[in-house]
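Please read the structure below before turning to the comments.
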Amino acid sequence: MLSRLAESLYWIGRYVERAENTARLLNVNYYATLEAGGRVSEEWLPLLDISGTKSGFSEQYGRADAHSVAAWLAFDRRNPSSIASSLSRARENARGLRDRIPSEMWEELNRAYLDLCFQSADVLARDGLFEYCSAARDASQMFFGIAFATLPRDEGWSFMRTGQMLERGDNLLRLLQVRYSVRSPVSPAQAAVDDHRWMAVLKTVSAYEAFRKSEHGGLEPRAIARFLLLNPYFPRSVRYSGENLHDALVQIERMHPKAHPQLLREASWLLARLEHASVDDILDGQSPSLDTLLSDFNAIGSAIYAAYFTV
Amino acid sequence: MRADIRHVTEYSYKEPAWDSFNEVRLHPEASARQQLKSFHLLVEPEASSVTSHRDYFGSLVHHVHVHERHTVLRIEAQALVITKPLTPPPPVPLSALDDLRGEVTEFLIASPRVPRGEWPEVFGVTRPGSNDDLSGFLSDLTHQLFAQFTYKPGATSVRTTIQEFAREQQGVCQDFTHAMLGICRTLGIPARYVSGYLYSGGEMVGADATHAWVEALIPGVGWTGFDPTNDVLAGEKHIKIGHGRDYPDVSPVRGTFYGGGQGSLDVEVRVYGEQPQ
Amino acid sequence: MQNYQQGERFFDEMFASSGTVRPHYQGVQAYLERLGVPEFERRRSLLDLAFRNQGITFTVYGDSAGTERTFPFDPVPRIIPAGEWATLEAGLTQRVKALNAFLRDIYSDAQILKDGVIPSELVYTSSHFRREVHGLKVPLGVYTHVVGSDLIRDEQGNYLVLEDNLRSPSGVSYLLANRAAMTRIYPGMFDSQGVRTVQHYPTELLKVLSSLSPRAPEATVVLLTPGMYNSAYFEHAYLAQQMGVELVEGRDLFVDNGRVWMRTTAGRTQVDVIYRRVDDDFIDPLTFRRDSALGVPGLVEVARQGRVAIANAIGAGVADDKAVYAYVPQMIEYYLNETPILGNVPTFLGWNSDHLMHMLENASEMVIKAVGEAGGYGMLIGPASTKQEVADFLVQVRENPRNYIGQPVIGLSRHPTFYPDAGDFEAAHVDLRPYILVGRNVSIVPGGLTRVALKRGSLVVNSSQGGGSKDTWVLDHDGPVQSQIQSQFQGAPLQGGLVPPGQPHATSGPAQRHLQNMPPGQGQSQSQSQSGGGTQSQSQSQTNPAQASSAQTRPPQDQEPLLGHAETPTTDSDHAAHRFVPGTELPEQLAEQQGHAAPDEDGGETAAVSTDTESPETGPPDLSVVPGIEQPDPQGDV
């Protein structure tokens with residue numbers, strides 16, 4: 001298929017997933033911090049780190065607090081990774097594909113765009129953030145659901161899947177990178193705060209219940225990290241993302257056999273490490289570390305570009 | 001006269017450019033008065049492909065495609081030409097133009113850079129009568145433009161209009177030529193824009209550039225060259241590349257490219273001349 | 001159609017001047033009677049839904065909500081009997097052959113100009129005459145592979161060619177969509193009518209395009225579109241999909257090694273034939289407009305070398321210059337030695353001083369048009385304009401007379417059309433655009449797009465001014481259908497529905513018609529208003545002045561609007577945000593690079609870089625332009 005179209009679908013996958021993950025992150029943490037004891041900025045700065053938009057933020061806003069960070073991550077079009085920006089870019093890409101994707105896919109995205117991309121921080125004033133983020137998350141799930149149900153399983157589908165899974169793995173790794181810190185609680189109050197934070201991490205990826213069911217201990221950070229990184233059954237885990245990323249690339253490779261062996265090798269290698277690494281190695285900064293995994297995901301992204309989108 | 005021409009066009013880019021497509025009109029024409037002994041086109045970096053075709057006006061055009069990334073593109077034309085002197089045209093009444101037909105239409109109608117207008121009046125040129133001598137008129141016109149306008153590089157640009165030239169009273173050969181074309185065509189004298197080189201004295205000439213002048217059709221004589229920038233007939237010191245309706249038809253090098261950032265252009269023309277033994 | 005007023009002045013497609021229904025419409029009339037108006041109306045509202053589901057809508061651009069509109073459609077089909085169509089087919093075939101011969105000629109020896117048949121000035125001053133392709137050998141010697149010649153019928157019912165569209169005629173997708181909708185919503189209407197199919201158009205088109213391939217039988221065909229901001233984009237996408245060819249934009253293609261390639265996930269694929277819906281001006285920035293981002297640099301040279309075929313060929317537009325149009329009958333005589341079967345609308349050329357005088361003196365009763373414009377710009381409709389408007393327009397005409405033509409106002413034929421607000425059928429003006437495919441042979445899809453001026457009394461049929469379309473039928477016979485169908489109705493009393501006005505008795509027509517049961521004539525005078533002969537007074541008293549407005553029809557999206565047209569933004573920075581966005585890799589890691597503005601270096605032509613703001617590092621490459629060279633003079637004396 002035309003490179004441009006493959007690239008568009010890839011980016012649709014990435015942007016819609018990004019919008020969803022940002023919405024989850026914002027939602028959970030906004031409400032979590034209402035009950036947190038720490039300093040306001042302490043709660044909010046990490047969100048900026050996770051989304052990788054800190055420098056952009058500090059240019060536009062002063063201090064990091066609930067209001068400014070929420071506005072920046074949700075509505076601000078100057079933030080290229082805000083929910084609004086992501087949805088709008090996804091929609092623009094879809095617009096160019098309208099004649100090739102099922103109309104319901106376009107309509108869903110267009111609807112989300114119209115509903116969510118023209119809001120402003122007024123939403124916060126009327127306590128509407130929860131609603132907004134839920135709507136964004138729902139729109140994304142609806143979109144991928146429709147795609148799953150109606151998009152033919154050809155190259156286009158695989159490229160969208162690639163983008164989605166790559167973004168998913170990337171987003172969760174960033175979350176862990178920032179959140180993971182092992183601190184022995186110095187006080188029960190601190191322990192409560194920690195617990196609270198870890199619960200938030202799990203809830204961000206809707207993993208709280210699943211985690212509790214599979215791990216019967218407490219909210220032990222290492223166990224949580226292991227679950228989120230390596231659990232093969234949880235659909236938002238890094239390993240799961242890596243697996244599906246690999247599968248999608250295999251599907252694409254079938255259409256162009258032996259054209260880009262290096263790319264597939266890289267994806268297989270990433271998958272192998274996710275299958276066999278121990279969480280201790282990862283968290284203790286051994287090989288592979290969180291940083292390594294993150295850069296591996298993105299290296300695959302660049303390789304996809306070089307292989308299929310540039311001729 | 002024997003003329004040895006070296007014409008170098010060099011583009012430099014701040015960042016790498018690639019996929020450069022160029023149309024090159026540097027191949028001197030072969031005619032009764034001009035013999036082309038040799039022609040070479042050198043491109044650096046090496047071109048991915050070079051093709052050629054004869055354009056609408058009969059000029060040989062080279063198409064140069066440079067695919068690879070480069071920060072400098074150098075196109076050099078080398079030509080060896082032998083020109084013959086020109087006999088000044090005899091007197092011919094303007095009324096003789098009435099008998100012309102067909103193929104000269106292109107050089108009588110408006111063209112993009114020479115639109116319709118009352119150009120004789122704009123330039124203060126008295127309209128000749130139908131019994132007046134065409135050759136004489138053209139020589140006088142050549143002289144009048146030369147005397148009235150100042151040659152000044154940098155005063156105008158590639159896009160300067162004839163109106164602006166008339167107002168500013170200064171320009172380069174392109175402007176002089178367009179002006180003369182406008183005047184001629186309004187008077188029903190077929191005239192075309194000629195691109196070429198001028199040998200301007202001595203054996204070695206520095207930093208020349210391409211030159212432009214007018215060829216007008218004198219019934220019974222043929223296309224005759226007049227150079228209003230220098231107030232001369234285009235004789236053996238004028239080496240012709242080709243002609244067209246106006247400048248865009250004969251543009252020596254034009255092209256498109258990707259990337260490149262900010263680019264700059266350097267042109268160097270050397271015309272070495274000597275009388276044949 | 002009990003209350004249908006066919007009127008006296010205009011030719012009615014369905015009813016003869018006596019009020020009798022024409023034989024080839026009898027079947028439809030019977031069907032509509034049988035169906036009844038309420039049911040007809042109910043189904044009509046389903047059409048909108050059908051179009052939407054098929055995606056036959058056009059977006060109102062500039063509207064961030066991206067609202068969709070369906071192209072208005074009237075379900076009463078326009079019908080052409082076989083014999084009539086055969087004549088049209090012959091006339092159009094003849095015309096298209098002559099036009100191609102003309103193009104071959106003027107891009108080589110121009111013998112027709114040397115013989116003085118057409119003034120050479122007219123051709124050389126046409127902005128569509130492309131000297132750049134002079135001498136270029138086109139595959140099969142054909143320049144125009146898809147032609148849309150607009151036909152109208154005058155008050156006497158004669159078909160006249162209004163104009164030829166040889167560059168990018170559009171509308172065929174509506175034709176196909178209309179037919180598909182009609183067969184779905186009113187299948188009974190087609191029953192036993194002998195309607196010829198139109199669905200083979202995409203197949204035929206693909207055949208023609210493939211036959212042009214330099215590597216035949218291998219043929220990789222693509223459809224080149226300016227992109228989704230073009231108002232005819234839907235049609236581009238639709239045709240590409242129907243033919244099964246790739247829909248590409250300029251940036252998907254590139255030239256290398258003397259060939260054209262497509263960028264795909266499988267690497268580069270060679271392209272043999274480009275069906276381009278991009279105007280000449282924008283198709284190759286090396287050869288034509290340097291600021292175009294819609295084309296492919298170096299494309300024309302590949303075509304010159306015979307390694308890619310372009311349909312319609314570059315330079316074909318000179319033959320659809322309205323001033324050149326006036327000479328098509330002469331072309332037919334000159335190249336084919338035949339008498340033209342189809343006539344032109346009488347045309348006055350501004351370039352000719354006698355004609356110009358006539359135009360200036362009679363402007364208020366004529367239609368005056370600028371020659372190169374498509375889509376309705378630069379047009380004066382005399383009878384519908386005020387004295388001041390006429391005077392203002394004529395100023396332009398005097399300044400540049402070669403650019404204008406004048407034509408008498410023609411009263412277009414009319415057709416019964418359903419008006420929901422009245423709940424009944426009324427007469428509306430129509431025209432016809434057949435689609436002619438030219439390859440080794442000429443093939444014309446039966447019928448074409450019938451456009452109808454839906455605004456009451458209007459003569460303007462283009463979509464932006466209240467136009468709509470109808471399904472067009474060409475029958476495989478001339479007369480009424482088998483009487484078996486009709487026998488059911490003999491003796492049945494008529495309940496509303498179609499009744500020709502004022503007909504005292506049944507009918508004319510060879511087979512027994514079932515119209516006996518209509519109510520007695522309403523005593524309307526049916527005197528022939530359309531007397532042949534005798535000049536038609538141009539200044540008839542008008543009860544409805546709007547009726548005489550634009551006789552000349554405008555096609556819905558004629559000749560893809562040029563860039564700079566309101567609907568097709570290009571480097572307009574407002575719209576840059578809507579262009580394809582490659583997206584950011586990692587939020588912090590990507591430095592978004594704005595397109596560079598070109599600084600003006602002293603005097604020299606600057607590198608005009610596109611001010612496209614959507615070029616981040618990983619984005620599509622910038623297309624820059626090599627500065628031209630000035631002609632400074634040598635120092636020193638001569």
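Convention: sequence-line order gives letters A, B, ...; per-chain numbering from 1. This one's a predicted model, so the numbers in the text were calculated from it and none came from an experiment.
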What part of Leu286(C) gets closer than 4.5 Å to chain B, counting heavy atoms only: side chain, backbone, both or neither?
both

Go through the atoms of Arg131(C) and report whether side chain, backbone, both or neither lie under 4.5 Å from a heavy atom of chain B.
both

Do Pro285(C) and Phe21(B) have side-chain heavy atoms sitting under 4.5 Å apart?
no

Would you give the length of the straight line joining atom CZ of Arg116(B) to atom CZ of Arg402(C), rounded to the nearest 0.5 angstrom?
11.0 Å

Taking all heavy atoms of Thr287(C) and all of Arg254(B), pick out the closest pair and write down the distance.
O-NH2, 3.5 Å

His65(B) and Asp256(C) have their tightest heavy-atom pair at CE1-OD1, 3.3 Å

Under a 4.5 Å heavy-atom cut-off, does chain B meet the side chain of Val255(C), its backbone, both or neither?
both

With a 4.5 angstrom heavy-atom cut-off, could you sort out which part of Tyr197(B) is near chain C: side chain, backbone, both or neither?
neither

With rounding to the nearest 0.5 angstrom, report the OG1 to CG distance, Thr105(B) to Leu122(C).
11.5 Å

Can you confirm whether His53(B) sits close enough to Glu301(C) that some side-chain heavy atom of one is under 4.5 Å from a side-chain heavy atom of the other?
yes

Atom pair OH/CZ of Tyr56(B) and Phe129(C) - distance to nearest 0.5 Å
4.0 Å

